[in-house]
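Okay, structure first, notes after.
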Amino acid sequence: DALFKRELRAASAARMATIRSVGEALNEGRVLPFYQPLVNLADGAIHGFEALARIRMDNGAIVSAGQFAAALSDASIAFRLTDQMLGHIARDMRGWLDQGFDIRHIGINLSTADFHRGDIEHRLLAAFEPAGVPLDRIVVEVTEGVFMDGTDDKVVHVIESLRQKGITVALDDFGTGFASLTHLIRFPVDCIKIDKSFVDRMITDHPSQLVVELLVDLSRKLHMHTVAEGIETQAQAGWLKALGCNTGQGYYFGQPMRAAEALDFIARYSRR
């Protein structure tokens, strides 16, 4: 019992330290987006990018979201992180468009906290409309937990309103949370992202292979787009292409990169 209490105190202290660290990064403007490419599996063209939050530490090291995920359980931190990311992404997209790069889709991750405030639609419009970025270029990525936290009717209403404005909605990390197949019918989404854990194992693990096959087939029948996350090998990419999965994302195509590097990547990739 004493050991359990000590571990709880240690976990709580670690979480508070992470919250303080991320809060300082937000105050000092050290949160920045990195962009990971998404590739059309049928023709190899770049479909777009997903914007991923990173923190630049005092020593210059770049820290990925997985290392500060505990801080995002604090609603205020999660809300502020989204706001800073939206501002960065809108500026980057405007810059890309001005340079003649027609980026079709940018995925933006939203948290439960973003929906609790009830103003996420206004925040998205306030970020992208003044920058002259068409809303049909925006893909809002939400996890199953956003729908399942007890305010799902409110979330569904907001999501439907975003879709009416041309914003695409993707269900992220599908298959790892609470979702049942019936949720795909109930939740108003345009795209499902098949979680990396299934893609990792699908070549050697028959149950994982069946899950991926089922999701791709079901998505096609529901007229949804499919994105496979975490593709790391040519074998995985080829198998998903043969299945009819629409889009691939993962280190096989490209690692997350800064905005300027993304433009260089597009130029190199198109030549390839």
Side-chain angles (χ1 to χ4, degrees), residues 33 35-40 47-53 65 72 78-79 81-83 85-86 89-90 93 103-129 131 133-196 198 215-230 245-249:
Y35 297 94
Q36 186 168 32
L38 290 91
V39 171
N40 185 314
H47 184 78
F49 291 89
E50 179 183 356
L52 300 162
L72 303 183
F79 179 86
L81 181 78
T82 297
D83 264 7
M85 286 288 288
L86 290 178
I89 295 163
M93 290 188 73
I103 308 296
R104 286 163 43 199
H105 296 287
I106 294 290
I108 300 169
N109 293 282
L110 297 184
S111 68
T112 303
D114 291 314
F115 288 91
H116 278 174
R117 291 276 294 245
D119 63 350
I120 186 59
E121 184 176 340
H122 168 75
R123 291 160 63 203
L124 285 164
L125 298 181
F128 292 102
E129 285 193 332
V133 174
L135 295 179
D136 63 4
R137 308 295 175 92
I138 307 304
V139 180
V140 165
E141 300 194 9
V142 295
T143 62
E144 300 158 30
V146 170
F147 287 105
M148 303 296 292
D149 73 340
T151 59
D152 51 327
D153 288 338
K154 179 180 177 182
V155 171
V156 165
H157 176 74
V158 173
I159 291 290
E160 286 176 336
S161 182
L162 294 178
R163 292 176 76 211
Q164 287 169 10
K165 289 181 167 56
I167 294 172
T168 297
V169 178
L171 187 57
D172 198 13
D173 300 335
F174 186 78
T176 60
F178 310 100
S180 70
L181 295 179
T182 57
H183 293 147
L184 280 182
I185 299 170
R186 180 161 179 249
F187 296 158
V189 299
D190 307 288
C191 169
I192 67 165
K193 300 191 75 173
I194 301 170
D195 188 71
K196 179 184 188 313
F198 297 112
L215 292 178
V216 171
D217 187 51
L218 185 64
S219 298
R220 184 188 304 111
K221 290 172 179 173
L222 291 173
H223 306 291
M224 293 179 180
H225 191 93
T226 47
V227 178
E229 300 181 293
C245 181
N246 304 111
T247 301
Q249 178 180 359

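For clarity, every value in this text was computed on a predicted model and none was experimentally measured. Computed from heavy atoms alone, side chains included, the values below leave out hydrogens, waters and symmetry copies.
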*Sequence neighbours excluded, which residues qualify as side-chain hydrogen bond (donor to acceptor under 3.5 Å, both in side chains) partners of Q36?*
Q249

*asked:* Among residues at least two apart in sequence or on other chains, which ones pass side-chain hydrogen bond (donor to acceptor under 3.5 Å, both in side chains) with H105?
replied: none

*How many angstroms lie between CG in L125 and CG in L135, if you round to the nearest 0.5 Å?*
6.0 Å

*Is there side-chain contact between F79 and L72, with at least one heavy-atom pair below 4.5 Å?*
no

*Would you give the length of the straight line joining atom CG of N109 to atom CD of E141, rounded to the nearest 0.5 angstrom?*
5.0 Å

*Kindly give the heavy-atom pair with the smallest separation between A51 and I106, and that separation in Å.*
CB-CG2, 4.3 Å

*Considering non-hydrogen atoms only, spot the tightest contact between V139 and A170 and give its length.*
CG1-CB, 3.9 Å

*asked:* Which heavy atom of P33 sits nearest to which heavy atom of M85, and what is that distance?
replied: CB-CE, 3.7 Å

*Hey, does the side chain of R137 reach the backbone of I103 with a donor-acceptor pair shorter than 3.5 angstrom?*
yes

*Measure the shortest side-chain to side-chain distance between P188 and V156 over non-hydrogen atoms and say whether it is less than 4.5 angstrom.*
yes

*All salt bridge (charged side-chain N to carboxylate O under 4.0 Å, His left out) counterparts of E121, not counting sequence neighbours*: K165

_Partner set under salt bridge (charged side-chain N to carboxylate O under 4.0 Å, His left out) for R117, not counting sequence neighbours_ = none

*Specify the closest pair of heavy atoms between V140 and L124, including all atoms of both residues, with the distance to one decimal.*
CG2-CD1, 4.1 Å

*Specify the closest pair of heavy atoms between S111 and A78, including all atoms of both residues, with the distance to one decimal.*
OG-CB, 3.7 Å

*Would you please name every residue forming a salt bridge (charged side-chain N to carboxylate O under 4.0 Å, His left out) with D217, sequence neighbours left out?*
R220, K221

*asked:* Using side chain to side chain contact (heavy atoms under 4.5 Å, CB included), reason through I138 and M93 one step at a time and then give a plain yes or no.
replied: CA-CA 10 Å; I138 307 304; M93 290 188 73; 4.1 Å; yes

*Side chains of N246 and T226: do they bring a donor and an acceptor to under 3.5 Å?*
yes

_Distance-minimising heavy-atom pair for H116 and K154_ = O-NZ, 3.4 Å

*What's the verdict on side chain to side chain contact (heavy atoms under 4.5 Å, CB included) for V146 and L110, showing C-alpha distance, side-chain angles and the deciding distance?*
CA-CA 9 Å; V146 170; L110 297 184; over 6 Å; no

_Test log, rule side chain to side chain contact (heavy atoms under 4.5 Å, CB included), inputs I167 and F128_ = CA-CA 11 Å; I167 294 172; F128 292 102; over 6 Å; no

*Do the side-chain N and O atoms of D114 and T82 include a donor-acceptor pair separated by under 3.5 angstrom?*
yes

*Test E144 against D172 for side chain to side chain contact (heavy atoms under 4.5 Å, CB included), laying out the working first.*
CA-CA 7 Å; E144 300 158 30; D172 198 13; over 6 Å; no

*Report the C-alpha separation of K193 and D173 in whole Å, then their side-chain angles, then the decisive distance to 0.1 Å, and conclude whether the salt bridge (Lys or Arg N to Asp or Glu O under 4.0 Å) test is met.*
CA-CA 6 Å; K193 300 191 75 173; D173 300 335; over 6 Å; no

_By side chain to side chain contact (heavy atoms under 4.5 Å, CB included) - contacts of V169 (at least two apart)_ = V142, I159, R163, V189, D190

*asked:* Holding to side-chain hydrogen bond (donor to acceptor under 3.5 Å, both in side chains), I want the full list of residues that pass it with T168, two or more places apart in sequence or in another chain.
replied: none

*Name all residues meeting the side chain to side chain contact (heavy atoms under 4.5 Å, CB included) criterion together with T247; count only those two or more places apart in sequence or in a different chain, and write none if there are none.*
L38, H47, H225, V227

*Given side chains that start at C-beta, do those of I89 and V133 come closer than 4.5 Å, heavy atoms only?*
no

